[in-house]
Amino acid sequence: MEFKIEKKATSSQARAGEITTDHGKITTPIFMPVGTAATVKGVFHRDLINEVKADIILGNTYHLYLRPGLDILHEAGGLHKFSSWDKPILTDSGGFQVFSLAEQRKITEEGCRFSSHIDGSKHMFTPENVIDTQRIIGADIMMAFDECPPGTSERSYASKSLDLTHRWLERCFQQYHKTEPLYGYYQSLFPIVQGCVYDDLRAKSANFVKQFDADGYAIGGLAVGEPAEEMYAMIEVVNAILPEDKPRYLMGVGTPINILEGIDRGVDMFDCVMPTRNGRNGMLFTWNGVINIRNNKWAHDFSPIDENSDCFVDRTYSKAYLRHLAISNEMLAAQIASIHNLAFYLQLVREARVHILDNTFKEWKENLIAILGKRL
RNA sequence: UCCUCCUUAGCUCAGUUGGUUAGAGCACCUGACUGUUAAUCAGGGGGUCUUAGGUUCAAGUCCUAAAGGAGGAG
C-alpha cells in the first residue's frame, strides 16, 4: 500500500493525498461507509459507486466471523468476491464490539471471551486469531485487536487497558508478519492509538504504535461519550506524534462537523454509522443543515431533499415525498436517506480536498461549520 | 314490534367483588443515535368513560330511560 500526500494546507494540519491499494485508489481525506455485515445497509453497490462515489467501505470481523462464518467466506474467496465489491475494504477487528457488548465480555491477557448475540454460543478472540480471521475475510486494510474503554473511564483503568492493548498490538504484528495474504493481494495492518481523554496516555500510545512502521495509523476510543472539544484535543496530541507520511484514521467519527475538525487536525480517513443509521431514522444531513424528515413541517414541502446535491435521489425526490415514505415506514425511505446522507458525506470530503488543494480550507471550513450545525 | 349484547383517547380495545390524578397498542407530535446486536429507542399531547336522571360517603363499574350499533325472534 502506498500513500502520497499531494498538498499540505498552510494554516491547518489538513492534507490532501492518495492511497493506492491492490483494489484501487482512495483519495484523501476520505469517508468510508460502514458495511458491517457485508452490506452497507439498504444501498446497492451500483449506488455506492455511481451516486455515493465511495472509494472504500468497511466490514466487521466480529459480525462476519459469526455470520456467514469463516468457512463460507474462505470458500467464496474472501469478502470482495462474496459480496461482489472489487474496491478496497477495511475491516474493523471486533475490538469495538468487545466494548459495546460489555455485558457478555470477559477480557483476559489472552484475549476476549464472549458469547454470540445471535445464538449465545461461546467464542474467544485473540490478537492472533483476529489477524487470521481478517486474512480470511481478505480486507485491504486490517485493524489491530484493541480494547476500547468507555469515554468516562478512570485514569487507572484507561492506563491498564492501554498497556493491554499495546501487548495485544505486538502479538497482532507478530501474527501479521508470520502469515500471508490468502487471495494474492496485499493487506495492510493499522495499529490503533488508545488512551481515553488523557494527554499523556494518548502520547504514550502514539509513540508506541509508531514503532511498528505500519501503512497507516488509527485513532480509536474517541466519540464514546466525551465532549467534542476533548476529542479534538486528543487528535492534536496524537497527530503531533504519528508519522506525517502515513494515513491517519479516526475511527467511528462522526458528524460532518467532527469530520471537518478532524481533517483540520490532520486526519485522513473517517468512518461512521451516522449517515446510514441516522438516515434510516429520518435524519438528513444537507448543505443547509440537519433535517428530521419525519417532522410535520416537511409535509407540504415539495422542494428537493437537497438542492445543492447532484445525487440522483436529490434530483428525483421531494422532502414531502420522503417524509411520507418515512412516516409510512416504507423501506424506500431508508434507502433514499442512506444514499443521500452517504453522498453528502462523500461530497463533503471531496469538497474539503478541493479547498485543501487550492489553499482555502480553513475559511471554507469555518463558514461551513456554522451552517452544518443548524437544525432546519 | 319484542329479546339479548355492545357504546371508554383519532382507531382497536383493557379496566378485577363500586375505592387514589382512567390504562395499553397503533396513530399523531417531538427527541436521541458517532470503529451498527438499531427500518431502533425514548418522551409528549390527547378522554364530561354515548346522553339524561337515580342509588351511594364514593359510579367507567349498580338501577331507570333515551340515542346509536350488532345479533336473534316475529
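Order of the sequence lines sets the chain letters (A, B, ...), proteins ahead of strands, with each chain counted from 1.
Every residue two or more places apart in sequence or in another chain was checked for a salt bridge (charged side-chain N to carboxylate O under 4.0 Å, His left out) with A:Arg315, and none qualifies. Remark: A:Ser121 pairs with A:Ser116, A:Asp119, A:His123 by the side-chain contact (heavy atoms from CB on, under 4.5 Å) rule, at least two apart or across chains. Take A:Asn239 and apply the side-chain contact (heavy atoms from CB on, under 4.5 Å) test, not counting sequence neighbours, and it matches A:Ile219, A:Ile235, A:Leu242, A:Arg248, A:Val267. Scanning for side-chain contact (heavy atoms from CB on, under 4.5 Å) contacts around A:Arg167 gives A:Glu109, A:Asp163, A:Leu164, with sequence neighbours left out.
Residues A:Phe44 and A:Trp85 do not share a hydrophobic cluster, defined by chaining ILVMFWY side chains whose heavy atoms lie under 4.5 Å apart.
In this structure, B:U37 makes no Watson-Crick or G-U wobble pair, since no nucleotide meets both defining distances under 3.5 angstrom. Base pairing of B:A27 is not made with any nucleotide, judged by Watson-Crick or G-U wobble geometry with both donor-acceptor distances under 3.5 Å.
Residues of residues 30-52 of chain A having a heavy atom closer than 4.0 Å to RNA chain B, listed by number: A:Val34, A:Thr36, A:Lys41. In the region residues 55-66 of chain A, proximity to RNA chain B at under 4.0 angstrom, judged on heavy atoms, holds for A:Leu58, A:Asn60, A:His63. Within residues 109-118 of chain A, the residues that place at least one heavy atom under 4.0 Å from RNA chain B are, in residue-number order, A:His117. Listed in residue order, the members of residues 232-257 of chain A having a heavy atom less than 4.0 Å from RNA chain B are A:Met251, A:Gly252, A:Val253, A:Gly254, A:Thr255.
Going from atom OH of A:Tyr345 over to atom P of B:G35 covers 10 Å, rounded to whole Å.
Grouping Ile, Leu, Val, Met, Phe, Trp and Tyr by side-chain contacts under 4.5 Å, direct or through others, puts A:Leu201 with A:Leu162, A:Val197, A:Tyr198. A:Ile241 belongs to no hydrophobic cluster with other residues, because no ILVMFWY side-chain heavy atom falls under 4.5 Å from its own, directly or through intermediates.
Within 4.0 Å of A:Gln335, counting heavy atoms only, lies no atom of the nucleic acid at all.
For residues 265-280 of chain A, the set of pairs meeting the salt bridge (charged side-chain N to carboxylate O under 4.0 Å, His left out) definition, not counting sequence neighbours, comprises A:Arg15-A:Asp268, A:Glu236-A:Arg265, A:Glu261-A:Arg265. Within the structure, every pair that satisfies the ring pair (Phe, Tyr, Trp, His ring centres under 6.0 Å) test and touches residues 208-240 of chain A, not counting sequence neighbours, is listed here: A:His166-A:Phe208, A:Phe173-A:Phe212, A:Phe208-A:Phe212.
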